[in-house]
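Predicted, not measured: the structure shown is a model, and the values here were computed from it. As a basis for the values below, the full set of heavy atoms in this structure was taken, side chains included, without hydrogen atoms, waters or symmetry mates. Here is the naming used below: chain letters follow the sequence lines, and residue numbers restart at 1 for every chain.
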Amino acid sequence: MERLNVNLCGIELDNPVLAASGTFGYGLEFAGIYDINLLGSFSFKGTTPEARPGNPLPRIAECPSGMLNAVGLQNPGVDAVIRDELPRLREVFHKPVMANIAARSPLEYAEAAEKLAQQEQVGWLEVNISCPNVRCGGMSFGADPKAAAEVTRAVRAVTKKPVIMKLSPNVTDIAEIARACEDAGADGVSLINTLLGMRIDLNGLPRGPAHGLAGL
Amino acid sequence: MDCKEFTIAENRPLTEKVHYLRLAGDTAAITMPGQFVSLSLPGFFLRRPFSVCDRDAGSFSLLVERVGDGTALLHTLPAGTNVSVLTGLGNGFTCEQSGDQPVLIGGGTGLSPLFWLARELAAQGKRPVVVLGFRTAADVFFEEEFCALGICPVLFTEDGSAGRKGLVTEALREYDCSMFYACGREGMLRAVCEATHAPGELAFDVRMGCGFGACMGCSRPTVSGMKRVCKDGPVFRKEELLWNA
């Protein structure tokens with residue numbers, strides 16, 4: 001089993017298997033099924049500075065390639081995660097956890113990052129930049145190298161912990177975005193956030209999530 | 001919650017669209033009417049959630065309406081087929097506050113979790129009234145099964161081709177209802193809440209992802225924030241609910 005050890009940005013993992021953000025909540029639900037310490041780690045549900053209710057139902061749609069989802073970042077907000085979820089997680093998970101954050105501006109990203117980075121349990125910050133940048137007409141931060149770099153710098157400035165930028169695949173040149181993040185101080189990139197998709201019934205209306213476009 | 005392999009013991013049609021399935025295996029985690037199970041189907045990524053219609057120590061039953069490819073496949077699986085099932089999912093109905101004459105209202109396959117509930121309430125010496133609504137006579141099922149419990153249902157069809165013409169909400173005006181329990185489409189549930197001042201519990205049927213609270217795929221608004229239908233529900237009290245416009 002020692003052959004599975006890996007080092008991720010300076011933190012040793014027993015193995016390289018991490019459950020991705022959004023698939024694993026804040027760990028408690030799966031902890032009821034098996035010992036989640038078997039994992040190398042996991043990235044918890046995308047957490048925003050403020051609580052978000054998420055999108056109306058339906059939020060998911062099965063398709064031949066997998067599952068479309070448009071959950072809409074439902075989460076209780078960073079303060080509630082620190083107050084409620086992390087203490088519960090500490091009872092069942094004894095390894096560093098990856099804190100996934102999302103926000104609407106570089107300042108908000110920094111706010112969420114700074115609060116979570118101060119938590120001992122948090123090993124890495126994983127930064128979801130597939131969020132609309134309202135200053136740029138809603139285009140995602142991850143679609144523009146300058147915007148991606150700005151977010152990276154903002155998070156970098158508030159923590160010495162590893163900063164991993166989670167990139168969007170819905171771009172023309174993902175390598176350019178990755179390089180911009182690296183130059184701005186990221187310790188790594190996480191590939192990839194969801195691919196845009198839609199499920200349509202040829203005989204009728206769209207049968208996907210209520211949101212229309214979703215992520216595969 | 002538990003994950004166990006079950007074997008299909010029965011799979012037979014009740015109507016053109018609805019099948020009765022009974023699956024044999026360890027049902028210990030299924031403890032309350034209102035809970036649901038989630039079946040893994042070959043060739044599909046997502047499990048399919050269904051309310052438990054009834055259960056005993058060695059099997060549980062489901063009422064499955066064919067609404068898509070997964071349920072269409074489930075209709076074809078013969079007795080003897082093994083199926084992986086997550087059991088004991090969700091909360092259940094609360095029987096203790098039912099009062100003496102609770103009214104149970106089911107629309108279509110929404111009647112499924114009400115069957116075990118009716119049996120349980122009757123076993124507690126209560127006198128449940130069961131009201132079932134369907135579109136048309138050809139859609140009616142499970143009337144005899146309720147009668148075998150000694151609780152013959154009040155039947156409504158939208159076109160009047162069987163039972164009384166109209167919607168199930170009309171029955172609420174006729175009974176001095178100590179409490180209601182309802183399951184069916186969201187529109188019906190909302191109409192039931194608006195039709196009576198009696199307290200009630202409602203079981204929701206929504207599309208689900210994981211089925212046990214991890215993916216946030218099934219949340220709905222309540223007065224105390226977003227709640228996961230799979231984990232915090234599927235049964236909610238009437239006063240908790242907020243309705244989408």
Side-chain angles (χ1 to χ4, degrees), chain A residues 19-34 36 42-47 50-77 80 84-85 88-89 100 194 199 201 203-204 207-211 214-216, chain B residues 1-4 29 38-49 67-73 84 86-90 185-187 189 204-234 241-245:
Chain A
S21 175
T23 71
F24 217 71
Y26 295 95
L28 272 296
E29 293 77 17
F30 280 93
I33 303 173
Y34 67 92
I36 60 173
F42 71 95
S43 183
F44 65 52
K45 174 71 189 171
T47 298
E50 75 297 349
R52 288 206 195 167
N55 288 327
L57 298 184
R59 292 176 171 181
I60 60 169
E62 191 179 64
C63 61
S65 318
M67 186 189 90
L68 290 165
N69 88 86
V71 171
L73 286 174
Q74 179 192 334
N75 77 95
D84 303 326
E85 301 295 341
R88 284 199 277 257
L89 178 63
N100 183 291
T194 54
R199 188 179 108 181
D201 180 344
N203 295 319
R207 287 173 66 202
H211 203 64
L216 178 65
Chain B
M1 181 174 81
D2 204 353
C3 182
K4 287 274 197 280
S38 209
L39 273 58
S40 178
L41 299 179
F44 293 91
F45 287 104
L46 296 181
R47 288 178 180 262
R48 269 41 179 181
V67 296
D69 297 338
T71 45
L73 173 71
S84 165
L86 292 178
T87 59
L89 299 175
R185 295 196 192 283
E186 177 143 341
L189 297 181
F204 281 78
D205 168 19
V206 301
R207 199 181 289 175
M208 293 179 179
C210 68
F212 54 87
C215 76
M216 304 292 183
C218 64
S219 300
R220 74 174 322 285
T222 72
V223 295
S224 45
M226 298 299 285
K227 297 289 181 193
R228 297 159 292 183
V229 173
C230 66
K231 182 88 170 171
D232 308 306
L241 296 168
L242 295 173
W243 300 96
N244 292 321

Gap separating the CZ atom of B:Phe204 from the CG atom of A:Leu57, nearest 0.5 angstrom: 10.0 Å
Test item: A:Glu62 and B:Arg48 side chains (from C-beta on) under 4.5 Å apart, heavy atoms: yes
B:Arg185 CZ: over 12 foreign heavy atoms closer than 6.0 Å: no
Under 4.5 Å from a heavy atom of chain B, the part of A:Leu28 involved: neither
Atom group of B:Met216 that falls short of 4.5 Å from chain A, counting heavy atoms: both
Where B:Ala214 and A:Phe30 come nearest, the two heavy atoms and their spacing: CB-CE1, 3.4 Å
4.5 Å side-chain heavy-atom contact, A:Arg59 and B:Ser219: yes
Most chain A-contacting option - heavy-atom pairs closer than 4.5 Å, from B:Pro221, B:Cys218, B:Gly225: B:Cys218
Pairwise distance SG(B:Cys215) to CD1(A:Ile60) - rounded to 0.5 angstrom: 5.5 Å
Interface moiety of B:Cys3 toward chain A, non-hydrogen atoms closer than 4.5 Å: neither
B:Asp232 atom CG, neighbour heavy-atom count above 12 within 6.0 Å: yes
Engaged part of A:Pro76 at the chain B interface, taking heavy atoms whose separation is under 4.5 Å: neither
